[in-house]
Amino acid sequence: MEKVKLSLEDVANLDFTTIIWIAAPVMFTLVALESYFSYKQNKKLYEGKDFMASTFIGVVNILLNGVMKLGVFAFFLFFYNLTPFYIPHTWWSYILCFLALDFIRYWSHRIAHEQRFWWSTHVVHHNSEYYNLSTSFRLSWTQNLKIVFFLPVILMGFHPFVFLVIHQLEVLYQFWIHTEYITKLPKPIEYIFTTPSHHRVHHSKNEKYLDKNYGSTLIIWDRIFGTFEEEDEKPVYGITKPINTYNPFMLVFHEWIALFKDMTRAKSVKQAFQMAFGSPVDYHKSEMEKVRVKQRDLQKK
């Protein structure tokens, strides 16, 4: 079957926010139930201001995705029409796209933790010190920059509809793994899929848990590439350099602001580049150490 080039008009009605809007009532119902049981059982999994910040960030993200829809489609179509490859729109193309996209999402997620520039597009998802279903709403307003990571999958020649459906299902999968109510699942599931237990490790700032369990839907990539860590101690949530605010704008942009300030103080292009693409964990540890040294010096005085 010969590949047919598509126009923006051909895919304009493929609204990639539709699935989210359909799922939203179910998600909010589950959040309400988790919050209720947390309160009744005195688990303290929710904090009012934290929940409101997460919800505001999530709603704005969905609205921004709607506004940017045509731009994302145009980017996708340019490379889809450019590539000579074509994968027919069949049942198995969804399976192949899922495996390819999940593999790429592992690497894009990993890079987002290993380089400050990309960490700035992701940090908001980690800066809550609470771990509950509403934490999944914290998706950065600048996350669409990471579309460049999906280029290899686009260039494979998947039909836009296939790609967008699989991508949305991958995003939705993240919702249910943000909970402390599900402890461990049967071993075959824990071995293959990303579960709440695996993702609690990922959201933790415990030393042994840092930069572990990047898997989106499948945890097998972490097992293959050496980034898997079992949950065997209670996670402490948040980021290594706490921001201590519930202001959603600061929660989204604080790392961008810090990065920009550091780069303007750089003494060379090479140093600025190293700041942008160096490890955020190493940077934050060095910053926290400077604070501790300053506090010790003040106490001595």
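Note that the coordinates shown come from a computational prediction; the quantities given were computed from them, not determined experimentally.
Follow the hydrophobic side-chain contacts under 4.5 Å out from V67 and you never reach L77; the two are in separate clusters. Hydrophobic clustering (side-chain heavy atoms under 4.5 Å, transitive across Ile, Leu, Val, Met, Phe, Trp, Tyr) groups V153 together with L82.
For the pair F98 and E170, the minimum side-chain heavy-atom distance is below 4.5 Å. At least one side-chain heavy atom of F175 sits under 4.5 Å from a side-chain heavy atom of L30. Residues I224 and W221 have side chains in contact (heavy-atom distance under 4.5 Å, counting atoms from C-beta outward). By the 4.5 Å heavy-atom criterion applied to side chains, L218 and T194 are not counted as neighbours. Under the 4.5 Å side-chain criterion, counting only non-hydrogen atoms from C-beta, Y106 is in contact with T227. Considering only heavy atoms from C-beta on, L139 stays 4.5 Å or farther from V124 through its side chain. Side-chain atoms of E229 and N213, non-hydrogen and from C-beta on, do get closer than 4.5 Å to each other. The closest side-chain heavy-atom distance from T195 to I182 is not below 4.5 Å.
A donor-acceptor contact shorter than 3.5 Å links the side chain of T55 to the backbone of F51. Not a single donor-acceptor pair under 3.5 Å links the side chain of T179 to the backbone N or O of W176. At distances below 3.5 Å, not a single donor-acceptor pair connects side-chain atoms of S54 with backbone N or O atoms of F137. Side-chain N or O atoms of N127 include one that pairs as donor or acceptor with a backbone N or O of L251 at under 3.5 Å. Between the E47 side chain and the K49 main chain, a donor and an acceptor come within less than 3.5 Å of each other. The main-chain N or O of K267 is found under 3.5 Å from a side-chain atom of Q271 such that the two form a donor-acceptor pair. Between the side chain of S108 and the backbone N or O of R105, at least one donor-acceptor pair lies under 3.5 Å.
Evaluation of the ring pair (Phe, Tyr, Trp, His ring centres under 6.0 Å) rule for H198 yields F228 as partners, not counting sequence neighbours. For H126, the ring pair (Phe, Tyr, Trp, His ring centres under 6.0 Å) partners two or more places apart in sequence, or in a different chain, are H113, W119, H122, H202, H203. In this view, E180 satisfies the salt bridge (charged side-chain N to carboxylate O under 4.0 Å, His left out) rule with no residue, not counting sequence neighbours. By the salt bridge (charged side-chain N to carboxylate O under 4.0 Å, His left out) test, R138 is found to be paired with D50, residues two or more places apart in sequence or in another chain being considered.
Pairs engaging residues 113-135 under the salt bridge (Lys or Arg N to Asp or Glu O under 4.0 Å) rule: R110-E114, R116-E255, R116-D262 [sequence neighbours left out].
In terms of heavy-atom proximity, M250 sits nearest to I243 at O-CD1, 3.5 Å. Closest of all the heavy-atom pairs between L259 and A276 is CD1-CA, 3.8 Å. Looking at every heavy atom in both residues, Y191 comes nearest to I219 through O-CG2, 3.1 Å. Looking at every heavy atom in both residues, I104 comes nearest to F149 through CG2-O, 3.0 Å. The two residues M156 and F85 make their nearest non-hydrogen contact at O-CB, 3.5 Å. Residues H89 and Y86 come closest through the heavy atom pair N-OH, 4.2 Å.
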List the steps and the verdict of side-chain contact (heavy atoms from CB on, under 4.5 Å) for L151 and F75. CA-CA 10 Å; L151 270 177; F75 178 89; 3.8 Å; yes
Verdict with supporting geometry, F158 and L96, side-chain contact (heavy atoms from CB on, under 4.5 Å): CA-CA 9 Å; F158 290 104; L96 183 60; 3.7 Å; yes
Between M275 and R265, is a side-chain contact (heavy atoms from CB on, under 4.5 Å) present by the stated rule, with each step listed? CA-CA 10 Å; M275 286 178 176; R265 291 194 290 264; 5.6 Å; no
List the atom pairs, with distances to 0.1 Å, where a side-chain N or O of residues 56-64 and a protein N or O form a donor-acceptor pair under 3.5 Å, not counting sequence neighbours.
| residue | atom | partner | partner atom | Å |
| --- | --- | --- | --- | --- |
| N61 | OD1 | Q143 | NE2 | 3.1 |

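Once rounded to the nearest 0.5 Å, the distance linking CG of D102 with CG of L99 reads 7.5 Å. Note: T217 OG1 to L169 CG = 8.5 Å, rounded to the nearest 0.5 Å. The CZ atom of F161 lies 10.5 Å from the OG atom of S93; values are rounded to the nearest 0.5 Å. Put simply, CG on L101 and CD1 on I166 are 8.0 Å apart, with the number rounded to the nearest 0.5 Å. How far CD1 of I22 is from CD of Q168: 10.5 Å, rounded to the nearest 0.5 Å. Between the NZ atom in K146 and the OG1 atom in T121 there is a gap of 4.0 Å [rounded to 0.5 Å].
With ring centers used as reference points, F273 lies under 6.0 Å from F277. Taking the ring centroids of W107 and Y214, they lie at or beyond the 6.0 Å cut-off. The ring of Y94 has its center no closer than 6.0 angstrom to the ring center of W91. Taking the six-membered ring for Trp and the full ring otherwise, the centers of F73 and Y80 sit at least 6.0 Å from each other.
The aromatic rings of Y237 and Y131 sit parallel, their planes meeting at an angle under 30°, below the 60° perpendicular limit. Note: H167 and F150 have perpendicular aromatic rings, judged against thresholds of 30 and 60 degrees for the angle between ring planes.
For the residue pair S279/Q115, the side-chain donor-acceptor check at 3.5 Å is not satisfied. For the residue pair N206 / S204, a side-chain donor-acceptor distance below 3.5 Å is found, with atom types taken as modelled. Of the N and O atoms on the side chains of E231 and S197, at least one donor lies less than 3.5 Å from an acceptor on the other residue. Residues Y39 and E34 have side chains that never bring a donor and an acceptor to within less than 3.5 angstrom of each other.
Both tests do not hold together for K44 against Y130: distance to the six-membered ring centre under 6.0 Å, angle to the ring axis within 45°.
F37 CZ: 12 or fewer foreign heavy atoms inside a 6.0 Å radius. Within a 6.0 Å radius of OH in Y181, more than 12 heavy atoms belonging to other residues, nucleotides or ligands are found.
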